[in-house]
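Here the structure is laid out as C-alpha coordinates; the discussion comes afterwards.
All heavy atoms count here, side chains included; hydrogens, waters and symmetry mates do not.
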2 protein chains.
Amino acid sequence: MSDFAPTEARLDVTRRKYPAFPRAPAVLVRLIKHIYKEIHDQANAVMRPHGLNHAEYNILMMLYGAPDNTLTPSELAGAAGEKSANVTRLTTELCEMGYIARAGSEGDRRKVALSLTPEGLELIDHFLPDIVTLLHRQTRHLSAAEQAQLETLLKKMLTGFGE
Amino acid sequence: MSDFAPTEARLDVTRRKYPAFPRAPAVLVRLIKHIYKEIHDQANAVMRPHGLNHAEYNILMMLYGAPDNTLTPSELAGAAGEKSANVTRLTTELCEMGYIARAGSEGDRRKVALSLTPEGLELIDHFLPDIVTLLHRQTRHLSAAEQAQLETLLKKMLTGFGE
DNA sequence: AGTATATTATTCATTTCTGAATTATCAATG
DNA sequence: CATTGATAATTCAGAAATGAATAATATACT
(Lines give C-alpha, C1' and ligand atoms only; values in the text may rest on other atoms or scores of the structure.)
Protein backbone atom coordinates (compact mmCIF):
# COMPACT_ATOMS: atom_id res chain seq x y z
CA MET A 1 0.00 0.00 0.00
CA SER A 2 3.01 2.25 0.26
CA ASP A 3 4.97 1.48 -2.87
CA PHE A 4 5.47 4.76 -4.59
CA ALA A 5 7.56 3.41 -7.47
CA PRO A 6 4.58 2.95 -9.82
CA THR A 7 3.69 6.58 -9.32
CA GLU A 8 7.17 7.59 -10.40
CA ALA A 9 6.97 5.34 -13.41
CA ARG A 10 3.68 6.90 -14.45
CA LEU A 11 5.17 10.32 -14.07
CA ASP A 12 8.03 9.39 -16.34
CA VAL A 13 5.60 8.24 -18.99
CA THR A 14 3.65 11.45 -18.61
CA ARG A 15 6.76 13.57 -18.98
CA ARG A 16 7.84 11.77 -22.10
CA LYS A 17 4.52 12.71 -23.66
CA TYR A 18 4.31 16.16 -22.14
CA PRO A 19 7.77 17.43 -21.15
CA ALA A 20 6.48 20.63 -19.56
CA PHE A 21 4.82 18.60 -16.81
CA PRO A 22 6.87 19.51 -13.73
CA ARG A 23 8.17 16.39 -12.10
CA ALA A 24 8.95 17.52 -8.57
CA PRO A 25 5.75 19.46 -7.94
CA ALA A 26 3.68 16.63 -9.34
CA VAL A 27 5.41 14.09 -7.11
CA LEU A 28 4.85 16.27 -4.08
CA VAL A 29 1.19 16.72 -4.80
CA ARG A 30 0.66 13.01 -5.37
CA LEU A 31 2.56 12.11 -2.22
CA ILE A 32 0.51 14.49 -0.15
CA LYS A 33 -2.66 13.11 -1.63
CA HIS A 34 -1.67 9.52 -0.86
CA ILE A 35 -0.58 10.32 2.66
CA TYR A 36 -3.71 12.30 3.35
CA LYS A 37 -5.97 9.52 2.14
CA GLU A 38 -4.17 7.05 4.37
CA ILE A 39 -4.41 9.38 7.33
CA HIS A 40 -8.09 9.90 6.63
CA ASP A 41 -8.88 6.21 6.30
CA GLN A 42 -6.89 5.25 9.36
CA ALA A 43 -8.47 7.98 11.45
CA ASN A 44 -11.91 6.85 10.31
CA ALA A 45 -11.09 3.29 11.31
CA VAL A 46 -9.76 4.32 14.72
CA MET A 47 -12.70 6.60 15.48
CA ARG A 48 -15.44 4.26 14.32
CA PRO A 49 -15.56 2.25 17.55
CA HIS A 50 -16.06 5.56 19.33
CA GLY A 51 -19.03 6.39 17.13
CA LEU A 52 -17.31 9.21 15.27
CA ASN A 53 -15.57 9.80 11.96
CA HIS A 54 -12.43 11.73 11.06
CA ALA A 55 -14.21 15.02 10.43
CA GLU A 56 -16.08 14.87 13.71
CA TYR A 57 -12.88 14.02 15.54
CA ASN A 58 -11.27 17.10 14.06
CA ILE A 59 -14.11 19.35 15.08
CA LEU A 60 -13.91 18.14 18.66
CA MET A 61 -10.15 18.53 18.77
CA MET A 62 -10.26 22.07 17.46
CA LEU A 63 -12.67 22.96 20.26
CA TYR A 64 -10.49 21.10 22.74
CA GLY A 65 -7.58 23.31 21.71
CA ALA A 66 -9.57 26.53 21.84
CA PRO A 67 -9.60 28.92 24.78
CA ASP A 68 -12.70 28.13 26.80
CA ASN A 69 -13.34 25.14 24.51
CA THR A 70 -15.39 27.46 22.34
CA LEU A 71 -15.23 28.56 18.70
CA THR A 72 -17.59 30.04 16.15
CA PRO A 73 -18.58 28.02 13.11
CA SER A 74 -16.36 30.05 10.82
CA GLU A 75 -13.35 29.73 13.11
CA LEU A 76 -14.06 26.05 13.22
CA ALA A 77 -14.25 25.91 9.44
CA GLY A 78 -10.82 27.49 9.13
CA ALA A 79 -9.33 25.38 11.90
CA ALA A 80 -10.68 22.07 10.71
CA GLY A 81 -10.38 22.81 6.99
CA GLU A 82 -14.04 22.19 6.38
CA LYS A 83 -16.48 24.19 4.31
CA SER A 84 -18.90 26.18 6.40
CA ALA A 85 -21.90 24.28 5.10
CA ASN A 86 -20.25 21.12 6.28
CA VAL A 87 -19.44 22.59 9.67
CA THR A 88 -23.09 23.38 10.16
CA ARG A 89 -24.02 19.80 9.46
CA LEU A 90 -21.24 18.27 11.56
CA THR A 91 -21.85 20.48 14.57
CA THR A 92 -25.58 19.93 14.42
CA GLU A 93 -24.95 16.21 14.61
CA LEU A 94 -22.45 16.60 17.43
CA CYS A 95 -25.00 18.72 19.27
CA GLU A 96 -27.59 16.02 18.85
CA MET A 97 -25.10 13.52 20.23
CA GLY A 98 -24.64 15.82 23.20
CA TYR A 99 -20.91 16.44 22.76
CA ILE A 100 -21.09 20.14 21.96
CA ALA A 101 -23.53 22.98 22.65
CA ARG A 102 -24.73 25.90 20.54
CA ALA A 103 -25.26 29.35 21.99
CA GLY A 104 -25.83 32.79 20.55
CA SER A 105 -22.94 35.22 20.84
CA GLU A 106 -23.69 38.36 22.82
CA GLY A 107 -21.23 40.73 21.19
CA ASP A 108 -22.10 40.00 17.58
CA ARG A 109 -25.47 38.49 17.10
CA ARG A 110 -24.54 36.94 13.78
CA LYS A 111 -22.10 34.69 15.54
CA VAL A 112 -22.72 31.38 17.22
CA ALA A 113 -20.66 29.93 20.04
CA LEU A 114 -19.94 26.22 19.83
CA SER A 115 -18.56 24.69 23.02
CA LEU A 116 -17.60 21.28 24.25
CA THR A 117 -19.94 19.84 26.83
CA PRO A 118 -18.69 17.76 29.77
CA GLU A 119 -19.78 14.71 27.76
CA GLY A 120 -17.65 15.92 24.86
CA LEU A 121 -14.63 16.34 27.11
CA GLU A 122 -15.19 12.92 28.53
CA LEU A 123 -15.40 11.40 25.09
CA ILE A 124 -12.15 13.09 24.06
CA ASP A 125 -10.34 11.73 27.11
CA HIS A 126 -11.66 8.37 26.16
CA PHE A 127 -10.45 8.29 22.55
CA LEU A 128 -7.22 10.25 22.84
CA PRO A 129 -5.07 7.24 23.74
CA ASP A 130 -6.07 5.58 20.47
CA ILE A 131 -5.25 8.74 18.55
CA VAL A 132 -1.88 9.13 20.22
CA THR A 133 -1.04 5.59 19.21
CA LEU A 134 -2.14 6.31 15.68
CA LEU A 135 -0.09 9.50 15.41
CA HIS A 136 3.01 7.71 16.56
CA ARG A 137 2.43 4.94 14.12
CA GLN A 138 1.96 7.35 11.23
CA THR A 139 5.25 9.08 11.90
CA ARG A 140 7.29 6.21 13.21
CA HIS A 141 9.65 6.19 10.22
CA LEU A 142 10.77 9.74 10.83
CA SER A 143 13.28 10.79 13.46
CA ALA A 144 12.59 13.86 15.56
CA ALA A 145 14.95 15.86 13.38
CA GLU A 146 13.25 14.67 10.23
CA GLN A 147 9.86 15.53 11.63
CA ALA A 148 11.07 19.03 12.39
CA GLN A 149 12.53 19.38 8.92
CA LEU A 150 9.36 18.11 7.31
CA GLU A 151 7.30 20.50 9.37
CA THR A 152 9.41 23.44 8.19
CA LEU A 153 9.11 22.46 4.57
CA LEU A 154 5.37 21.84 4.69
CA LYS A 155 4.81 25.19 6.36
CA LYS A 156 6.83 26.83 3.65
CA MET A 157 4.77 25.09 1.02
CA LEU A 158 1.55 26.17 2.66
CA THR A 159 2.63 29.79 2.92
CA GLY A 160 0.58 31.92 0.65
CA PHE A 161 -1.17 28.94 -0.89
CA GLY A 162 -4.30 30.98 -1.35
CA GLU A 163 -2.94 33.92 -3.34
CA MET B 1 -5.85 31.09 4.45
CA SER B 2 -2.33 29.98 5.20
CA ASP B 3 -1.70 31.20 8.72
CA PHE B 4 -0.70 28.17 10.67
CA ALA B 5 -0.05 29.99 13.95
CA PRO B 6 -3.56 29.38 15.35
CA THR B 7 -3.07 25.68 14.78
CA GLU B 8 0.09 25.75 16.85
CA ALA B 9 -1.66 27.70 19.57
CA ARG B 10 -4.45 25.13 19.68
CA LEU B 11 -1.91 22.37 19.92
CA ASP B 12 -0.25 24.05 22.89
CA VAL B 13 -3.57 24.23 24.66
CA THR B 14 -4.21 20.60 23.88
CA ARG B 15 -0.85 19.56 25.22
CA ARG B 16 -1.34 21.45 28.44
CA LYS B 17 -4.48 19.42 29.02
CA TYR B 18 -3.13 16.18 27.67
CA PRO B 19 0.68 16.10 27.77
CA ALA B 20 0.97 12.75 26.00
CA PHE B 21 -0.40 14.28 22.80
CA PRO B 22 2.61 14.21 20.50
CA ARG B 23 3.27 17.67 19.15
CA ALA B 24 5.33 17.02 16.03
CA PRO B 25 3.22 14.18 14.61
CA ALA B 26 0.07 16.15 15.24
CA VAL B 27 1.46 19.21 13.48
CA LEU B 28 2.53 17.12 10.52
CA VAL B 29 -0.85 15.49 10.18
CA ARG B 30 -2.67 18.81 10.41
CA LEU B 31 -0.32 20.43 7.90
CA ILE B 32 -0.85 17.62 5.44
CA LYS B 33 -4.58 17.86 5.88
CA HIS B 34 -4.59 21.59 5.27
CA ILE B 35 -2.35 21.36 2.23
CA TYR B 36 -4.35 18.52 0.77
CA LYS B 37 -7.63 20.38 1.17
CA GLU B 38 -6.15 23.39 -0.59
CA ILE B 39 -4.78 21.24 -3.37
CA HIS B 40 -8.13 19.55 -3.73
CA ASP B 41 -10.12 22.79 -3.81
CA GLN B 42 -7.75 24.45 -6.24
CA ALA B 43 -7.72 21.47 -8.54
CA ASN B 44 -11.51 21.38 -8.48
CA ALA B 45 -11.62 25.06 -9.39
CA VAL B 46 -9.13 24.66 -12.22
CA MET B 47 -10.85 21.63 -13.69
CA ARG B 48 -14.40 22.93 -13.47
CA PRO B 49 -14.21 24.93 -16.69
CA HIS B 50 -13.11 21.72 -18.38
CA GLY B 51 -16.16 19.88 -17.09
CA LEU B 52 -14.25 17.66 -14.67
CA ASN B 53 -13.44 17.52 -10.97
CA HIS B 54 -10.26 16.63 -9.13
CA ALA B 55 -11.02 12.92 -8.87
CA GLU B 56 -11.81 12.63 -12.57
CA TYR B 57 -8.65 14.53 -13.43
CA ASN B 58 -6.66 12.06 -11.40
CA ILE B 59 -8.22 9.08 -13.08
CA LEU B 60 -7.38 10.45 -16.50
CA MET B 61 -3.82 11.29 -15.52
CA MET B 62 -3.20 7.83 -14.10
CA LEU B 63 -4.27 6.36 -17.43
CA TYR B 64 -2.18 8.93 -19.28
CA GLY B 65 0.86 7.71 -17.36
CA ALA B 66 0.12 4.02 -17.89
CA PRO B 67 1.68 1.88 -20.58
CA ASP B 68 -0.78 1.74 -23.44
CA ASN B 69 -2.96 4.25 -21.58
CA THR B 70 -4.69 1.31 -19.96
CA LEU B 71 -5.26 0.17 -16.40
CA THR B 72 -7.66 -2.10 -14.59
CA PRO B 73 -10.09 -0.65 -12.04
CA SER B 74 -8.10 -1.97 -9.10
CA GLU B 75 -4.83 -0.62 -10.44
CA LEU B 76 -6.61 2.66 -10.94
CA ALA B 77 -7.92 2.58 -7.39
CA GLY B 78 -4.41 2.15 -6.04
CA ALA B 79 -2.92 4.73 -8.34
CA ALA B 80 -5.53 7.41 -7.79
CA GLY B 81 -6.08 6.63 -4.12
CA GLU B 82 -9.79 6.05 -4.60
CA LYS B 83 -11.96 3.29 -3.22
CA SER B 84 -12.88 0.72 -5.81
CA ALA B 85 -16.58 1.49 -5.54
CA ASN B 86 -15.76 5.06 -6.36
CA VAL B 87 -13.58 4.06 -9.29
CA THR B 88 -16.49 2.17 -10.78
CA ARG B 89 -18.68 5.25 -10.58
CA LEU B 90 -16.03 7.67 -11.84
CA THR B 91 -15.00 5.52 -14.77
CA THR B 92 -18.59 4.85 -15.74
CA GLU B 93 -19.14 8.58 -15.95
CA LEU B 94 -15.93 9.14 -17.88
CA CYS B 95 -17.03 6.40 -20.26
CA GLU B 96 -20.36 8.13 -20.75
CA MET B 97 -18.49 11.35 -21.48
CA GLY B 98 -16.48 9.44 -24.06
CA TYR B 99 -13.06 10.02 -22.53
CA ILE B 100 -12.30 6.42 -21.63
CA ALA B 101 -13.39 3.00 -22.85
CA ARG B 102 -14.14 -0.23 -21.05
CA ALA B 103 -13.10 -3.60 -22.40
CA GLY B 104 -12.94 -7.09 -21.03
CA SER B 105 -9.51 -8.49 -20.34
CA GLU B 106 -8.61 -11.60 -22.31
CA GLY B 107 -6.12 -13.16 -19.92
CA ASP B 108 -8.18 -12.91 -16.76
CA ARG B 109 -11.87 -12.55 -17.36
CA ARG B 110 -12.47 -10.98 -13.98
CA LYS B 111 -10.45 -7.98 -15.03
CA VAL B 112 -11.57 -4.97 -17.00
CA ALA B 113 -9.35 -2.79 -19.16
CA LEU B 114 -9.94 0.93 -18.95
CA SER B 115 -8.26 2.97 -21.68
CA LEU B 116 -8.10 6.58 -22.76
CA THR B 117 -9.93 7.31 -25.97
CA PRO B 118 -8.62 9.82 -28.52
CA GLU B 119 -11.14 12.26 -27.07
CA GLY B 120 -9.69 11.65 -23.64
CA LEU B 121 -6.18 12.32 -24.88
CA GLU B 122 -7.34 15.46 -26.58
CA LEU B 123 -9.01 16.67 -23.40
CA ILE B 124 -5.84 16.05 -21.41
CA ASP B 125 -3.76 18.05 -23.87
CA HIS B 126 -6.30 20.78 -23.50
CA PHE B 127 -6.27 21.06 -19.72
CA LEU B 128 -2.64 20.23 -18.97
CA PRO B 129 -1.38 23.82 -19.38
CA ASP B 130 -3.73 24.94 -16.62
CA ILE B 131 -2.55 22.10 -14.39
CA VAL B 132 1.10 22.89 -15.01
CA THR B 133 0.46 26.46 -13.98
CA LEU B 134 -1.32 25.27 -10.86
CA LEU B 135 1.46 22.87 -9.89
CA HIS B 136 4.05 25.62 -10.20
CA ARG B 137 1.94 27.95 -8.13
CA GLN B 138 1.45 25.38 -5.40
CA THR B 139 5.17 24.81 -5.01
CA ARG B 140 6.49 28.26 -5.82
CA HIS B 141 7.76 28.89 -2.29
CA LEU B 142 10.06 25.90 -2.38
CA SER B 143 13.43 25.82 -4.12
CA ALA B 144 14.37 22.80 -6.18
CA ALA B 145 16.53 21.55 -3.33
CA GLU B 146 13.70 21.98 -0.86
CA GLN B 147 11.31 20.15 -3.13
CA ALA B 148 13.74 17.26 -3.35
CA GLN B 149 14.16 17.22 0.41
CA LEU B 150 10.43 17.35 1.00
CA GLU B 151 9.93 14.53 -1.45
CA THR B 152 12.42 12.36 0.41
CA LEU B 153 10.80 13.02 3.75
CA LEU B 154 7.26 12.42 2.54
CA LYS B 155 8.30 9.16 0.94
CA LYS B 156 9.88 8.11 4.18
CA MET B 157 6.70 8.98 6.03
CA LEU B 158 4.60 7.01 3.59
CA THR B 159 6.80 3.93 3.82
CA GLY B 160 4.97 1.17 5.53
CA PHE B 161 2.02 3.37 6.33
CA GLY B 162 -0.31 0.44 5.91
CA GLU B 163 1.21 -2.01 8.36
C1' DA C 1 -30.23 58.43 9.73
C1' DG C 2 -30.00 55.93 5.41
C1' DT C 3 -27.81 53.20 2.02
C1' DA C 4 -24.41 50.21 0.27
C1' DT C 5 -21.13 46.55 1.29
C1' DA C 6 -19.37 42.74 4.08
C1' DT C 7 -19.66 39.10 7.25
C1' DT C 8 -21.89 35.09 9.59
C1' DA C 9 -24.43 31.18 9.55
C1' DT C 10 -27.67 28.33 7.53
C1' DT C 11 -30.47 25.89 4.01
C1' DC C 12 -31.10 23.14 0.03
C1' DA C 13 -30.37 20.43 -4.11
C1' DT C 14 -26.95 17.93 -5.98
C1' DT C 15 -22.74 15.54 -6.24
C1' DT C 16 -19.35 12.63 -4.30
C1' DC C 17 -17.83 8.99 -1.35
C1' DT C 18 -18.04 5.00 1.75
C1' DG C 19 -18.68 0.27 3.70
C1' DA C 20 -20.81 -3.82 3.27
C1' DA C 21 -22.71 -7.11 0.36
C1' DT C 22 -22.86 -9.64 -4.15
C1' DT C 23 -21.39 -11.85 -8.49
C1' DA C 24 -18.02 -13.75 -11.30
C1' DT C 25 -13.70 -15.69 -12.15
C1' DC C 26 -9.38 -17.71 -10.95
C1' DA C 27 -5.87 -20.60 -8.34
C1' DA C 28 -4.63 -24.12 -5.29
C1' DT C 29 -5.39 -28.38 -2.98
C1' DG C 30 -7.10 -32.85 -1.78
C1' DC D 1 -12.63 -32.53 -10.96
C1' DA D 2 -14.82 -30.66 -6.85
C1' DT D 3 -14.15 -27.79 -3.23
C1' DT D 4 -12.13 -24.14 -0.85
C1' DG D 5 -10.29 -19.76 -0.58
C1' DA D 6 -8.60 -15.62 -2.88
C1' DT D 7 -9.17 -11.77 -6.12
C1' DA D 8 -11.76 -8.47 -9.38
C1' DA D 9 -15.41 -5.64 -10.22
C1' DT D 10 -19.81 -4.02 -9.31
C1' DT D 11 -24.15 -2.82 -6.80
C1' DC D 12 -26.62 -0.47 -3.41
C1' DA D 13 -28.16 2.13 0.48
C1' DG D 14 -26.76 5.39 3.27
C1' DA D 15 -23.29 9.03 4.75
C1' DA D 16 -20.57 13.06 3.75
C1' DA D 17 -19.26 17.08 1.18
C1' DT D 18 -20.01 20.78 -2.19
C1' DG D 19 -21.62 25.22 -4.42
C1' DA D 20 -24.94 28.40 -4.80
C1' DA D 21 -28.58 30.94 -2.66
C1' DT D 22 -30.68 33.04 1.42
C1' DA D 23 -31.49 35.49 5.83
C1' DA D 24 -29.76 38.09 9.47
C1' DT D 25 -26.74 41.23 11.37
C1' DA D 26 -22.85 44.34 11.35
C1' DT D 27 -19.78 48.06 9.39
C1' DA D 28 -18.54 52.05 6.58
C1' DC D 29 -19.73 55.97 4.18
C1' DT D 30 -22.25 60.13 2.77
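Atom NE2 in H40(A) sits 15.5 Å away from atom CD1 in I35(A) (nearest 0.5 Å). Between atom CD of residue E146(A) and atom CD of residue Q149(B) there is a gap of 10.0 Å, rounded to the nearest 0.5 Å.
In this model, the phosphate group of dT18(C) is approached by a side-chain N or O of K83(B) to a distance below 4.0 Å at OP1 or OP2. At dG19(D), one or more side-chain N or O atoms of R48(B) fall inside 4.0 Å of OP1 or OP2 (strictly under the cut-off). Taking 4.0 angstrom as the limit, R102(B) places a side-chain polar atom (N or O) nearer than this to OP1 or OP2 of dT10(D). Remark: N53(B) is not in phosphate contact with dT15(C), judged by side-chain N or O atoms under 4.0 Å from OP1 or OP2.
The nearest whole Å value for the distance from the OH atom in Y36(B) to the P atom in dA17(D) is 12 Å. The CD-P distance, from E82(A) to dT18(D), rounds to 7 Å in whole Å. Rounding to whole angstrom units, CZ of residue R89(B) and C1' of dC12(D) are separated by 14 Å. One can place CD of E93(B) at 9 Å from C1' of dT15(C), the figure rounded to the nearest angstrom. Separating the CG atom of L94(A) from the C1' atom of dA16(D) is a distance of 13 Å, rounded to the nearest angstrom. In this structure, E75(B) places its CD atom 13 Å from C1' of dA9(D), rounding to the nearest Å. In this structure, N86(B) places its CG atom 13 Å from P of dT10(D), rounding to the nearest Å. L114(B) has its CG atom 12 Å from the C1' atom of dT10(D), to the nearest Å.
Counting non-hydrogen atoms under 4.0 angstrom, S74(A) reaches the backbone sugars and phosphates but no base.
Taking the six-membered ring where the residue is Trp, F127(A) and H50(A) present perpendicular rings, their angle passing 60° and hence far from 30°. Note: Y18(B) and F21(B) have perpendicular aromatic rings, judged against thresholds of 30 and 60 degrees for the angle between ring planes.
Between D108(A) and P73(B), the one whose closest nucleotide on DNA chain D sits nearer the 5' end is P73(B). Along DNA chain C, the nucleotide nearest N44(A) and the nucleotide nearest T91(A) are compared for position; the residue whose nucleotide lies closer to the 5' end is T91(A). Residues E106(A) and K37(B) each lie close to DNA chain D; by heavy-atom proximity, the contact nearer the 5' end of the strand is made by K37(B). Sequence order on DNA chain C of the closest nucleotides to T92(A) and D41(A) puts T92(A) first from the 5' end.
Checking dT10(C), dT8(C), dT11(D) against every side-chain atom of T88(B), the shortest atom distance belongs to dT11(D). Set against dT10(D), dT8(C), dT10(C), the side chain of V112(A) has dT10(C) as its closest nucleotide. Side-chain proximity of A85(B) to the nucleotides dA9(D), dT10(C), dT18(C) is greatest for dT18(C).
Heavy atoms of other residues, nucleotides or ligands lying less than 6.0 angstrom from CD of E122(A) number 12 at most.
No hydrogens or angles considered: nothing links the side chains of T14(B) and R23(B) as a donor-acceptor pair under 3.5 Å.
Donor-acceptor pairing under 3.5 Å, judged by distance alone, is absent between the side chain of R109(B) and the base of dT25(C). Taking only distance into account, the side chain of R110(B) meets the base of dT25(C) through a donor-acceptor pair shorter than 3.5 Å.
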